[in-house]
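As structure tokens, the structure follows; a few thoughts come after it.
Values reported hereafter were calculated over all heavy atoms of this structure, with side chains retained and with hydrogens, waters and symmetry mates removed. Quick note on labels: first sequence line is chain A, next is B, and so on, each numbered from 1.
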There are 2 protein chains.
Amino acid sequence: MAYGLALAVLADPTRRQVLERLREGAQAVNAIAAGLPVSRPAVSQHLKVLKQAGLVEERSEGARRIYSVRRDGLLEVRAWLDSFWDDALDAFKLEAERSYKVKKGKR
Amino acid sequence: MAYGLALAVLADPTRRQVLERLREGAQAVNAIAAGLPVSRPAVSQHLKVLKQAGLVEERSEGARRIYSVRRDGLLEVRAWLDSFWDDALDAFKLEAERSYKVKKGKR
DNA sequence: CAAGTCCGTAAGCCATGACTTACCGTAAGC
DNA sequence: GCTTACGGTAAGTCATGGCTTACGGACTTG
């Protein structure tokens, strides 16, 4: 239902780079900012927006804030895209979620 | 590969409304603009951008330009989202495409 | 061919948002 | 307790882009 906000947030290339960094695993803000072409405060701002959109989640670890991808947020966008295949929607969602759980279980 | 452009394009609410109108079937520009809260030229501009991003396609029918959704463009975005499930990606894509064809064939 | 429809493009306005530097609170280490 | 890392927030700048009105070209119809 919040796919609109998520899409607006995913529109920014820097923000997508942040997400891609997090794809490899949860990281602190400094670690994320290292290697990105923008300043650390800029990354902080992006993380705030990503969090509001439900695309990342934050956990405190001492003085550090560890961010990680929140896949449910991405699923909402996926669901909207799937809706363009109309009645195939339900099949998509079910299969997708089932596949994911199966994969996870295997590890 | 062009998912970046597609995401930037999908970020705009009006543009998504245009797409949603087209979900019900191919339409001419006037028909699309009717019911939308913006002017017809604005719709034209959005259609241009949507076309550049590969999200719609255009066909001429006399003086009218008929636009329709180009699902392959949406699939690129889907594929990128799926990549956040890493190796589950291939399974998703295969299942999704297969499901779609099955559904289509049933009609 | 003249009048009317369809729609793309140009020009200009204005709001939004991405970025920077500067600053401040909080936690950790010597 | 001081100093140093960590990172969120404020303020200000600047570019981007979505919208409008005005215009012009292409096709259709009488």
Task: Hphob cluster co-occupancy, A:F84 + B:L75, side-chain heavy atoms under 4.5 angstrom - done: yes
Open item on the list: Is there a path of hydrophobic side-chain contacts, each under 4.5 Å between heavy atoms of I/L/V/M/F/W/Y residues, joining B:V49 to B:L47?
Closed with: yes
Open item on the list: Looking at B:N30, I'd like to know whether one of its side-chain N or O atoms comes within less than 4.0 Å of OP1 or OP2 on C:dT5.
Closed with: no
Open item on the list: Does a side-chain N or O of A:Y67 approach OP1 or OP2 of D:dG8 to a distance below 4.0 Å, or not?
Closed with: yes
TODO: For DNA chain D, determine which residues of residues 6-14 of chain B have any heavy atom closer than 4.0 angstrom to one of its atoms, and list them numerically.
DONE: B:D12, B:T14
Task: Selection: residues 48-60 of chain B, any non-hydrogen atom under 4.0 Å of DNA chain D - done: none
Task: A:E24: salt bridge (charged side-chain N to carboxylate O under 4.0 Å, His left out) partners, not counting sequence neighbours - done: none
TODO: Please check if the side chain of B:E76 supplies one atom and the backbone of B:A2 the other of a donor-acceptor pair under 3.5 Å.
DONE: yes
Open item on the list: Evaluate A:R59 against A:E61 for salt bridge (Lys or Arg N to Asp or Glu O under 4.0 Å), listing each step before the verdict.
Closed with: CA-CA 7 Å; A:R59 131 179 73 100; A:E61 199 163 285; 2.9 Å; yes
Open item on the list: Restricting to side-chain contact (heavy atoms from CB on, under 4.5 Å), what partner residues turn up for B:A63, sequence neighbours left out?
Closed with: none
From [atom1] of [X] over to [atom2] of [N], roughly how many Å is that when rounded to an integer?
X     : N      : atom1 : atom2 : answer
B:R64 : C:dG4  : CZ    : P     : 18 Å
B:R15 : D:dT16 : CZ    : P     : 16 Å
A:L47 : D:dG8  : CG    : C1'   : 11 Å

For residues 4-21 of chain B, dump all side-chain donor-acceptor pairs below 3.5 Å to protein atoms at least two apart in sequence or in another chain.
unit_1: B:D12; atom_1: OD2; unit_2: B:T14; atom_2: N; d: 3.1
unit_1: B:D12; atom_1: OD2; unit_2: B:R15; atom_2: N; d: 3.0
unit_1: B:R15; atom_1: NE; unit_2: B:V9; atom_2: O; d: 2.9
unit_1: B:R15; atom_1: NH1; unit_2: B:H46; atom_2: ND1; d: 3.4
unit_1: B:R15; atom_1: NH2; unit_2: B:V9; atom_2: O; d: 3.4
unit_1: B:R16; atom_1: NH1; unit_2: B:L10; atom_2: O; d: 2.8
unit_1: B:R16; atom_1: NH1; unit_2: B:A11; atom_2: O; d: 3.1
unit_1: B:E20; atom_1: OE1; unit_2: B:R23; atom_2: NH2; d: 2.5
unit_1: B:E20; atom_1: OE2; unit_2: A:W80; atom_2: NE1; d: 2.9
unit_1: B:R21; atom_1: NH2; unit_2: B:A31; atom_2: O; d: 3.1
unit_1: B:R21; atom_1: NH2; unit_2: B:A34; atom_2: O; d: 2.5

Task: Sugar-phosphate, base or nothing in reach of A:A33, heavy atoms under 4.0 Å - done: nothing
- [ ] Going 5' to 3' through nucleotides 20-30 of chain C, assign each nucleotide B (protein heavy atom under 4.0 Å from a base atom), S (under 4.0 Å only from sugar-phosphate atoms) or - (no protein heavy atom that close).
- [x] BBB----SS--
Open item on the list: Quick check on the helix from C:dC1-D:dG30 to C:dC30-D:dG1: what's the angle between its two end axes, five base pairs per end, to the nearest 10°?
Closed with: 20°
TODO: Enumerate the residue pairs fulfilling salt bridge (charged side-chain N to carboxylate O under 4.0 Å, His left out) with a member in residues 40-56 of chain A, sequence neighbours excluded, ordered by first and then second residue.
DONE: A:K51-A:E58
